[in-house]
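So the structure is just underneath, and the comments pick up after that.
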Amino acid sequence: MSVFVPITSFVRMRLTWIGSLLLRPPPTGLRCVLAAGKKDLIDLPVLVEDELEEQFVRGSGPGGQATNKTSNCVVLKHIPTGIVVKCHQTRSVDINRKRAREIMREKLDVAYKGELSEVVMKKKESVLRKQEKRRKANENLERKRLLKEALAADSKPGNDTGRKMC
Amino acid sequence: MWRRSLSTSYYRCFGCRSSGPKVLWKSQAVRTCSAPALPAGRITPLQAVKLWKRRFEERGVTEPEQSSQYIIAHLLGAKTIESLEQERLTEFLSREQTEQIWKLCTTRLSRMPVQYVIEEWDFRDLTLKMRPPVFIPRPETEELVELVLNDLQMKTEMGVPAETEPTCLEVGCGSGAISLSLLKSLPQLKGVTLDQSQDAVDLTRENALRLGLEDRLEIHHIDVMKDAETLLSLIRPVTTLVSNPPYLFSEDMASLEPEILSVCFCCVLLPRFEDPAALDGGEDGLKVIKQILTLAPQILSSYGRAYLEVDPRHPPLIRQWVEGNVDGLQFKEARHDITGRPRFCILQKEEVKQGPQAGSGLRN
């Protein structure tokens with residue numbers, strides 16, 4: 001029986017340890033606080049609204065009741081870094097604005113923390129998990145193959161019963 | 001002879017305006033663009049989007065690409081084209097699907113708003129049924145709801161004693177967007193809403209049922225301009241009054257976009273799809289707003305707030321008017337919408353003063 005070592009958590013622990021040694025203080029204006037609500041992405045940067053510029057395709061008229069446009073693409077720009085996020089995922093401007101901010105937080109996380117960002121870490125974890133799965137699946141196949149060979153070797157050559165058993 | 005045809009046309013216009021969209025459509029038969037032929041072979045959704053985008057462009061239909069994308073996504077069971085997998089978009093459509101796309105896109109050629117073509121639209125996290133001539137919710141109004149929610153949230157956080165039964169009154173329900181959105185976000189809230197249009201009342205009821213919110217929303221067919229007494233007799237003072245009342249200036253009604261406004265075959269300018277009564281606020285756009293604010297002190301409980309969506313020119317006019325004409329109501333602030341236009345007014349009912357000091361107090 002092979003001993004399964006939880007590789008995923010081990011690697012992550014090492015990365016976090018190294019990270020805590022190397023992590024520089026974040027740029028001014030960026031606060032890294034625990035964000036309530038999100039189970040996995042708790043260390044994402046909090047957005048400062050004053051650092052954001054929002055753009056909508058709404059035209060030059062009075063807007064409101066005078067217009068009925070369906071385009072609701074939100075373009076969000078983070079001024080300090082120049083990072084731009086475009087969101088056109090839903091039919092609601094309100095939801096698109098919220099989603100754009102979520103995406104912005106993830107992008108800022110990658111930009112500021114690089115390899116150590118939540119997004120990158122999660123990706124790595126997922127890759128490792130897949131590799132582990134593949135390894136196990138191959139192991140199982142190998143075991144089955146060996147068992148089959150063993151059974152085939154047991155049965156005598158030319159024996160009808162033997163062939164039927166396989 | 002021209003004069004005579006104009007007067008009969010005007011009469012017919014009145015007739016066709018009140019008969020509903022079906023009759024409007026028939027009366028447009030002469031000017032209708034002929035339905036483009038179905039493709040000979042099979043096509044993919046992406047090809048259909050391209051084809052119809054080009055067709056809409058050729059015919060001068062606004063938002064040609066979005067129109068095409070929303071309609072086709074809807075027929076494929078999705079809200080946006082972006083949410084569909086590439087595989088699906090490059091898979092051939094069935095004959096039936098193609099026919100449906102052609103039917104809906106042809107309707108869009110008549111400039112019918114996309115929301116009416118697909119008979120639904122989203123407002124914040126809700127999907128609502130849409131039906132002419134009921135007013136289609138605008139994106140700015142999503143912010144109005146956000147404003148109300150933030151205020152109510154702040155009240156809770158500040159430790160202001162919660163109402164045993166917080167109630168919200170909305171004037172002008174339309175499709176029910178505002179009330180239903182508030183009810184969905186605040187499970188404790190009870191709502192009362194009204195509209196002068198029976199169509200709006202019916203549609204709101206339908207949307208409330210679809211969303212399972214009908215037990216917390218009272219819907220009344222009342223004209224706030226004509227039946228103020230009826231309204232006041234029906235309700236107890238509420239903590240929140242909200243409205244997106246008709247606020248366009250009458251003179252601006254003539255320059256609305258074709259989706260809202262159109263030249264009827266008789267050459268009379270009329271809002272063709274959306275109910276003009278949901279848009280026209282009179283000469284200064286303030287007709288309905290003033291009525292609502294006049295009634296506000298009787299509708300609101302102490303410190304209760306009124307939230308209005310208005311025309312960008314209105315906030316200073318409203319502030320001035322309220323100060324001179326509405327006792328017990330204070331203009332608190334005006335807020336901008338996401339496009340940077342002054343769009344929302346917040347007013348508060350002053351404390352109900354008791355005893356002889358009441359008259360001598362200075363207004364804050």
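Protein chains get the first letters and strands the later ones, always in sequence-line order, with residue 1 at the start of each.
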Worksheet item: So, for F344(B) and H314(B), is the gap between ring centers shorter than 6.0 Å?
Response: no
Practice prompt. Begin with the C-alpha distance, continue with both residues' side-chain angles, and end with the deciding distance and a verdict on side chain to side chain donor-acceptor pair (under 3.5 Å) for T127(B) and E120(B).
Written response: CA-CA 7 Å; T127(B) 300; E120(B) 69 171 41; 5.4 Å; no
Worksheet item: Is a side-chain donor or acceptor of D94(A) paired with a backbone partner of E142(B) at a separation under 3.5 angstrom?
Response: no
Discussion item. Show, in sequence, the C-alpha distance, side-chain angles and deciding distance for R143(A) and N140(A), and conclude whether the side chain to side chain donor-acceptor pair (under 3.5 Å) test is met.
Written reply: CA-CA 5 Å; R143(A) 247 183 259 140; N140(A) 281 337; 3.1 Å; yes
[X], part contacting chain A, at a heavy-atom distance under 4.5 Å:
X       : value
I136(B) : side chain
Q115(B) : side chain
T62(B)  : neither
Y70(B)  : side chain
D252(B) : neither

Discussion item. Salt bridge check, R335(B) against E333(B): does any charged N sit closer than 4.0 Å to a carboxylate O?
Written reply: yes
Worksheet, complete the sentence: From the list D337(B), N244(B), L126(B), V145(B), the residue making the most non-hydrogen contacts under 4.5 Å with chain A is N244(B)
Item to complete: Using a cut-off of under 4.5 Å on heavy-atom pairs, state which of E82(B), K79(B), Q69(B) scores highest against chain A.
Response: K79(B)
Worksheet item: Which distance, rounded to the nearest 0.5 Å, do you find between the CG of L308(B) and the CD1 of I318(B)?
Response: 6.0 Å
Worksheet item: In terms of heavy-atom proximity below 4.5 Å to chain B, should Q89(A) be classed as side chain, backbone, both, or neither?
Response: backbone
Worksheet item: Among E54(A), H88(A), K98(A), who wins on heavy-atom pairs under 4.5 Å with chain B?
Response: H88(A)
